[in-house]
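A short write-up of the structure that comes next.
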Amino acid sequence: MSDKTPDAIKPWGGRFSEPTDAFVERFTASVTFDKRLYHHDINGSVAHASMLGKAGILTETEVQAIVAGLEAIREDIVAGRFEWSVALEDVHMNIEAELTKRIGMTGKKLHTGRSRNDQVATDIRLYVRDEIESLCGTLTRLQEALLDLAEREADTIMPGFTHLQSAQPITFGHHMMAWYEMLERDYSRLQDCRTRLNACPLGAAALAGTSYPIQREYTAQLLGFDGPTRNSLDSVSDRDFAIELAAAGSLIMTHLSRFSEELVLWTSAQFDFVELPDRFCTGSSIMPQKKNPDVPELVRGKTGRVNGHLVSLLTLMKSQPLAYNKDNQEDKEPLFDIIDTLRDCLKAYADMMPAIKPKKDNLYKAASKGYATATDLADYLVRKGIAFRDAHEIVGKSVAYGIEQKKDLSELTLSELQQFSDQIGEDVFKVLTLEGSVQSRNHIGGTAPDQVRAAVANRRAAMAAR
Ligand code: ARG
């Protein structure tokens, strides 16, 4: 990175009589981080130049020279041969100055009818749009892995929890489908964000539009936007789409953080519910027995930075008067970090999910403890004509007796159970089994193995139509 460029090179230098203070130059520059937008900046410039040609504002020869020059610059950047200059402030001025250096006078015509304000607003939209597509791809991979796991483990019984206390038996497949549903809403939130951001700001220029006979629909179409934005002031100033992405990102991280918490608990010696392969874990430098679930822990920890960036972006936008303000340059680092974090965390989960192996015996044993079929006994009594509140009382007493005898409900004899209600018969043992309990919850959204298989099939079909 060279910062020896003479001040005369600054595209806005005309009205200035002294060079920029060295610190101010560094303080106001964004090229160190916004250079990552170069692809989208060049795509935007190529579309803008083509529109200027179509509208007769530039000649065809000029457009060809600009496009060829920009493509050659792109190649050099990709190959790592481009020298970025802090004196040229940002990605936009670096590329434009280089274009003029290479093709002369014509390069200076590219910025006709455009401002960096509509240029940067376009670049970030294009960038976020691409990143949403790639995040949705990884999210889909993770969801597919969850569907496979849910299908494989549709019959696997485990304890379901409320307050982290044994509540009712459920199936492992059902638990996986809960994670799937959270991610499905995350997917649709990202798509919503994409729908709203997909309008082209080019033509808004600095804030008020431009006096050239531009064709905004054409530029929008070249860049794959649904159309031009409808108000020039709004186009250059609002970054609500970045905030929407951050909010959707915070929810994705919140969900992944909850998954992580469960995986951390489940891989502990105390729960011992699942096996995470060694390649997703690390050891301890002092305790030789340790196999730590670092990947889920890091994902859980990284939720904090995404939530923090959401607050940064909201605060950055708050109180800004219309239209563009330099404050907006501060949108990029949080936005980039959100996207990098989401990409890595989703990848970690998509890679890890197919390798998760439930320990069926341990899950079954854990489900047998904690009187998880107590509700089933109450429901049984209700079917025999007892009011639910009375049934609740009867089962409560049976549980207290079981605790005293150190026996589960299914281990009590018929006569022991009949001490609490004469309505209890031999058929009770069917409902007190874990299998009977999960199979009885056989309705849409219930934990019965058949419902889990139906939900998997239903979601597979929905995903194929995406
Ligand atoms: N680097 C600036 C940004 O990220 C580009 C727009 C600059 N516009 C201006 N009027 N100073 O927002």
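In this text the structure is predicted, and so the values were computed from the model without any measurement. All ligand and atom numbering here is 1-based and tracks the order in the structure.
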- request: Would you verify whether the NZ or CZ of K332 falls within 45 degrees of the ring axis of F33 while also being under 6.0 Å from that six-membered ring's centre?
  value: no
- prompt: Are R141 and Y349 in a cation-pi setup, meaning NZ or CZ lies under 6.0 angstrom from the ring centre and within 45 degrees of the ring axis?
  reply: no
- prompt: With atoms numbered from 1 as shown, which atoms in ligand 1 lie under 4.0 angstrom from a non-hydrogen atom of S30?
  reply: 1 (N)
query: Can you tell me the protein heavy atom closest to atom 11 (N) of ligand 1 and the distance?
result: R116 NH2, 3.6 Å
Taking atom 3 (C) of ligand 1 as the reference point, the nearest protein heavy atom with its distance: Y324 OH, 3.3 Å
Side chain or backbone, does [X] bring an N or O within less than 3.5 Å of an N or O on ligand 1?
X    : answer
H92  : no
D90  : yes
N328 : no
Q329 : yes

query: What orientation do F336 and Y127 show, parallel under 30°, tilted 30 to 60°, or perpendicular over 60°?
result: perpendicular
- prompt: Can you tell which of W266, F161, Y180, F273 makes a ring-ring contact (aromatic ring centres under 6.0 Å, His included) with H175?
  reply: W266
- prompt: Does a side chain donor of either D294 or T282 reach within less than 3.5 Å of an acceptor in the other side chain?
  reply: yes
task: Would you tell me whether R230 and S235 have side-chain atoms, one donor and one acceptor, within less than 3.5 Å of each other?
output: no
- line: Min over V120, N117, D34 of heavy-atom distance to atom 10 (N) of ligand 1 lands on N117
message: With a heavy-atom distance limit of 4.0 Å, tell me whether K332 approaches ligand 1 through its side chain, its backbone, both, or neither.
response: side chain
query: Hey, is K347 close enough to D344 for a salt bridge, meaning N to O under 4.0 Å?
result: no
